[in-house]
Amino acid sequence: MDHDEFVGDVQHRLELASRGEAIRATRAVLETLGERLQADEAADLAGPLPMEIDRFLHAAGSGQLFDFDEYVARVSQRARVDPAEVAFYAKVVVDVVADAVPEAELDDVTAQLPADYDDLFELLGDESYY
């Protein structure tokens with residue numbers, strides 16, 4: 001998957017008006033996820049992603065410990081999206097990531113996160129949402 005396809009998928013699935021909004025949502029979700037993951041896991045997840053996207057995971061100060069509510073708050077602030085919508089935004093971006101990375105890599109990511117992050121991965125493979 002290349003950069004344009006990734007951003008286009010995010011824009012389409014979230015029904016955003018512009019590519020800029022899709023990039024902002026992607027950046028917010030992945031930078032915040034990168035902050036929560038250990039550095040090596042963030043790098044592993046970033047590896048298969050387009051270069052313009054993987055940098056969002058690398059830019060984060062990895063290894064921070066915070067719960068899902070804090071994750072949502074950080075994404076909301078970065079994406080400039082209402083907190084009520086953030087969980088869906090994050091789920092969609094993670095689903096697009098899942099289309100671009102091996103399933104085993106996502107398994108490694110979910111193994112590193114506490115149970116309160118399980119909702120983040122609930123759209124994986126569920127096409128009924130789009």
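Residues satisfying the side-chain hydrogen bond (donor to acceptor under 3.5 Å, both in side chains) test with Thr26, not counting sequence neighbours, are none. Glu31 meets the salt bridge (Lys or Arg N to Asp or Glu O under 4.0 Å) test with Arg27, Arg78; sequence neighbours excluded. Asp4 meets the side chain to side chain contact (heavy atoms under 4.5 Å, CB included) test with Asp2, Arg19; sequence neighbours excluded. Applying the side chain to side chain contact (heavy atoms under 4.5 Å, CB included) rule to Asp119 yields the partners Lys91, Glu122; only residues at least two apart in sequence or on another chain are considered.
When side chains are defined from C-beta on, Leu16 does not count as touching Arg24, because their heavy atoms never get closer than 4.5 Å. Two residues are said to be in side-chain contact when any heavy atoms from C-beta on lie closer than 4.5 Å; Arg36 and Pro114 meet this criterion. When side chains are defined from C-beta on, Val10 does not count as touching Tyr89, because their heavy atoms never get closer than 4.5 Å. Looking at Asp9 and Val92, their side chains never come closer than 4.5 Å, going by heavy atoms from C-beta outward.
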CA sep, side-chain torsions, deciding dist, call: Gln112, Gln38, side-chain contact (heavy atoms from CB on, under 4.5 Å): CA-CA 8 Å; Gln112 215 182 82; Gln38 295 302 314; 3.7 Å; yes
Table please: side-chain donor-acceptor pairs of residues 65-73 below 3.5 Å, with sequence neighbours left out.
from: Asp67; atom 1: OD1; to: Asp69; atom 2: N; distance (Å): 3.3
from: Asp67; atom 1: OD1; to: Glu70; atom 2: N; distance (Å): 2.9
from: Glu70; atom 1: OE2; to: Arg74; atom 2: NE; distance (Å): 2.9
from: Tyr71; atom 1: OH; to: Val29; atom 2: O; distance (Å): 3.1

Can you give the donor-acceptor pairs under 3.5 Å from side chains of residues 44-63 to other protein atoms, not counting sequence neighbours?
from: Arg55; atom 1: NE; to: Glu52; atom 2: O; distance (Å): 3.2
from: Ser62; atom 1: OG; to: Gly34; atom 2: O; distance (Å): 3.1

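Distance check: Thr110 OG1 to Leu120 CG gives 10.0 Å after rounding to the nearest 0.5 Å.
Taking each heavy atom of Phe6 and Val93 in turn, the nearest pair found is CZ-O, 4.5 Å.
Put simply, the side chain of Glu21 gets close to the backbone of Ser18: a donor and an acceptor are under 3.5 Å apart. Distance alone, capped at 3.5 Å, places no donor-acceptor pair between the Glu41 side chain and the Leu37 backbone.
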